[in-house]
Enquirer: 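First the structure, then my questions, so here it is.
Lettering of chains follows the sequences in order, A, B, ..., and the numbering in each one begins at 1.
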Amino acid sequence: MSQQESLYEQIGGEAAVNAAVDIFYRKVLSDERINAFFDDVDMEKQAAKQKAFLTMAFGGPHNYTGLDMRKGHAHLVARGLNDSHVDAVIEDLGATLRELGVKEELIAQVAAIAESTRNDVLSR
Amino acid sequence: MAIIRYAKDNYDLEENQSVLDCLTHRGVALPFSCRSGVCQTCLMRATGGTPTEASQQGLKDSLRLQNYFLPCVCYPDTDLEVALPDDADAQAVIPATVKSLRLLNADIMHVELESHAQLDYRAGQFINLFQHQTLGRSYSLASVPHQDDHLHLHVRRLPQGRVSGWIHDELRPGQTVELRGPGGDCFYIPGDHAQSMMLIGTGSGLAPLYGIIRDALSQGHTGPIYLFHGSRDLNGLYLSAELRELMAHYANFNYIPCLSGDDVPAGYASGRAHDIAFEQIPSLKNWRMFLCGHPEMVRITKRKAFLAGAAMKNIYADAFNVSQPL
Ligand SMILES: Cc1cc2nc3c(=O)[nH]c(=O)nc-3n(C[C@H](O)[C@H](O)[C@H](O)COP(=O)(O)OP(=O)(O)OC[C@H]3O[C@@H](n4cnc5c(N)ncnc54)[C@H](O)[C@@H]3O)c2cc1C
Ligand code: HEM
Ligand code: FES
């Protein structure tokens with residue numbers, strides 16, 4: 001049986017991540033619900049982290065563990081990060097993919113991956 | 001715990017401590033300015049061990065391969081033996097003769113330097129000028145290679161500024177100074193000659209922009225070029241006559257001097273340079289941006305430009321960070 005293309009490959013791999021990062025980051029910075037969390041960080045470094053986030057959400061190769069997600073967002077949880085913010089991020093992610101013409105069934109799979117990290121991101 | 005070895009002495013690196021802090025806290029005299037990986041004044045070389053990837057970001061490949069790194073942003077897990085660049089190195093200090101010094105306005109000095117060795121640079125990059133071995137500062141290049149014979153800097157005098165004060169008060173034509181570089185990626189890259197370009201600078205932030213604009217025009221850039229130069233009052237602007245002349249020569253070049261103070265004569269835009277720029281050109285999709293000068297202006301404008309549609313890769317910026325006290 002021939003190997004099935006992974007979600008990451010179906011979306012378009014690294015090229016898709018590169019195409020998505022500016023659009024996604026622009027949405028996040030314009031989104032009043034969450035942009036305060038991204039306010040005081042260096043833009044280039046932040047863009048690199050968005051890339052890490054997108055690669056992970058697209059089912060691509062990454063080395064993040066649940067513990068990393070906890071540690072990486074703990075300072076944000078301390079500042080009040082909650083479910084509504086995760087919802088907003090997943091929504092912006094979906095809107096980004098729609099803008100890039102990605103099929104709804106793939107968008108649903110991406111949302112499910114992001115969803116699966118919710119408890120770690122919120123330190124629960 | 002990692003050990004840092006410098007000049008035959010060992011220093012224990014504390015947790016979350018940079019190599020620069022580790023050494024300077026114990027009284028080692030080293031050059032540094034921004035302490036955030038931007039200005040490259042602190043450049044050192046690892047003579048044993050491997051510097052972290054993050055501490056080599058922004059360095060030229062040739063430097064990277066020789067284990068040069070920036071100790072102010074180096075947090076290694078393993079031991080390092082480090083040294084300051086010396087004359088035998090590729091990144092040797094280059095002597096230069098001061099050819100001329102003249103005030104462009106009350107606070108900004110035009111410094112012309114003749115480098116003793118050929119310096120391969122692009123207009124808009126910066127060099128580090130050293131008052132002595134452990135005191136250096138970054139200054140951007142307003143000159144264009146092949147067009148200008150010497151290196152041109154615009155140095156703004158800061159209150160109690162050590163290096164800028166030295167340049168304004170003590171430097172004399174004929175004197176020899178030492179420099180290192182060039183560094184930075186804020187320059188014109190040929191290729192897309194029809195692209196629209198916006199340049200925003202405050203104060204001596206005009207230095208790199210003046211170089212970049214003349215470089216772009218001489219390389220045949222055909223797309224519209226908008227320069228917004230901001231200051232509080234008329235006395236803060238400079239090179240206005242030259243820029244107006246350039247505008248008369250090149251139909252695609254536009255110079256918009258902006259004054260943020262109360263007294264704004266006819267012919268000047270009233271407000272802060274970046275506010276005026278975004279008012280006049282609200283959508284920046286596909287634009288190339290150059291932002292130089294005041295760090296806060298650069299930070300805000302970068303974000304605004306990005307939100308107005310400019311792609312991250314099309315935004316070139318140099319924040320003129322001044323040194324952070326330890
Ligand atoms: C990439 C880059 C490019 C640059 N290009 C240019 C350029 O083209 N032209 C230009 O004019 N500048 C430029 N700069 C800025 C320049 O490098 C210097 O930072 C600037 O000239 C000040 O240096 P200084 O030694 O005169 O001042 P410093 O002695 O470093 O002092 C800077 C200011 O901070 C204050 N200060 C210093 N130490 C303390 C302290 N301990 N407590 C409180 N206040 C303190 C001083 O009073 C002074 O006002 C650039 C910077 C960077 C990073
Ligand atoms: C939906 C699930 C989420 C996933 C999978 C995720 C994933 C990631 C990843 C991989 C990084 C990079 C970590 C690193 O390399 O340092 C990161 C950083 C970051 N995330 Fe998330 N994230 C999620 C939700 C959120 C939410 C809801 C917010 C805030 C609204 C947020 C804000 C940030 C910020 C600000 C950083 C940078 C932190 C820093 O610079 O220190 N994240 N995230
Ligand atoms: S890069 Fe290290 S002090 Fe500026």
Side-chain angles (χ1 to χ4, degrees), chain A residues 12-55 57-58 61-65 67-68 71-72 74-75 78 88-89 91-93 95-101, chain B residues 15-16 18 34-40 52-59 70 72-75 77 183-186 200 274 278 282-292 295-321 324:
Chain A
E14 202 187 331
V17 172
N18 288 336
V21 69
D22 269 17
I23 300 173
F24 176 66
Y25 190 21
R26 210 171 272 132
K27 285 196 194 302
V28 166
L29 284 181
S30 318
D31 188 336
E32 297 295 339
R33 296 171 297 179
I34 50 176
N35 58 11
F37 291 105
F38 298 87
D39 222 18
D40 53 6
V41 273
D42 180 298
M43 274 185 79
E44 274 84 21
K45 284 193 191 126
Q46 193 61 33
K49 291 191 176 175
Q50 308 274 346
K51 262 177 135 161
F53 164 75
L54 292 171
T55 306
F58 291 2
H62 72 87
N63 293 315
Y64 291 111
T65 63
L67 187 62
D68 291 334
K71 279 193 189 152
H75 63 297
V89 162
E91 200 183 300
D92 290 342
L93 182 60
T96 301
L97 292 171
R98 240 159 251 130
E99 213 170 300
L100 289 169
Chain B
E15 205 173 324
N16 293 323
S18 71
C34 73
R35 298 177 72 231
S36 53
V38 181
C39 73
Q40 303 188 9
T52 61
E53 206 181 306
S55 70
Q56 292 192 302
Q57 224 153 50
L59 296 183
L70 303 171
C72 68
V73 287
C74 186
Y75 300 86
D77 295 325
D185 53 13
C186 192
I200 306 176
H274 56 283
F278 290 118
S283 170
L284 295 170
K285 197 161 191 258
N286 297 324
W287 280 64
R288 204 185 308 187
M289 308 289 301
F290 292 91
L291 315 170
C292 298
E296 194 53 21
M297 182 285 285
V298 169
R299 196 183 68 81
I300 294 171
T301 309
K302 208 189 234 184
R303 180 182 169 135
K304 273 196 160 175
F306 178 66
L307 289 178
M312 192 79 82
K313 67 169 169 41
N314 279 328
I315 305 177
Y316 300 85
D318 263 343
F320 286 6
N321 293 331
Q324 300 301 314

Enquirer: Which heavy atom of B/Ala311 sits nearest a heavy atom of A/Asp22, and at what distance?
Expert: CA-OD2, 3.2 Å

Enquirer: First locate atom CZ of A/Arg26, then atom CZ of B/Phe306, and finally report the distance between them rounded to the nearest 0.5 Å.
Expert: 4.5 Å

Enquirer: Answer with side chain, backbone, both or neither: which region of B/Ala310 has an atom nearer than 4.5 Å to a non-hydrogen atom of chain A?
Expert: backbone

Enquirer: Say you draw a straight line from OH of A/Tyr25 to CZ of B/Arg303; how long is it, rounded to the nearest 0.5 Å?
Expert: 7.0 Å

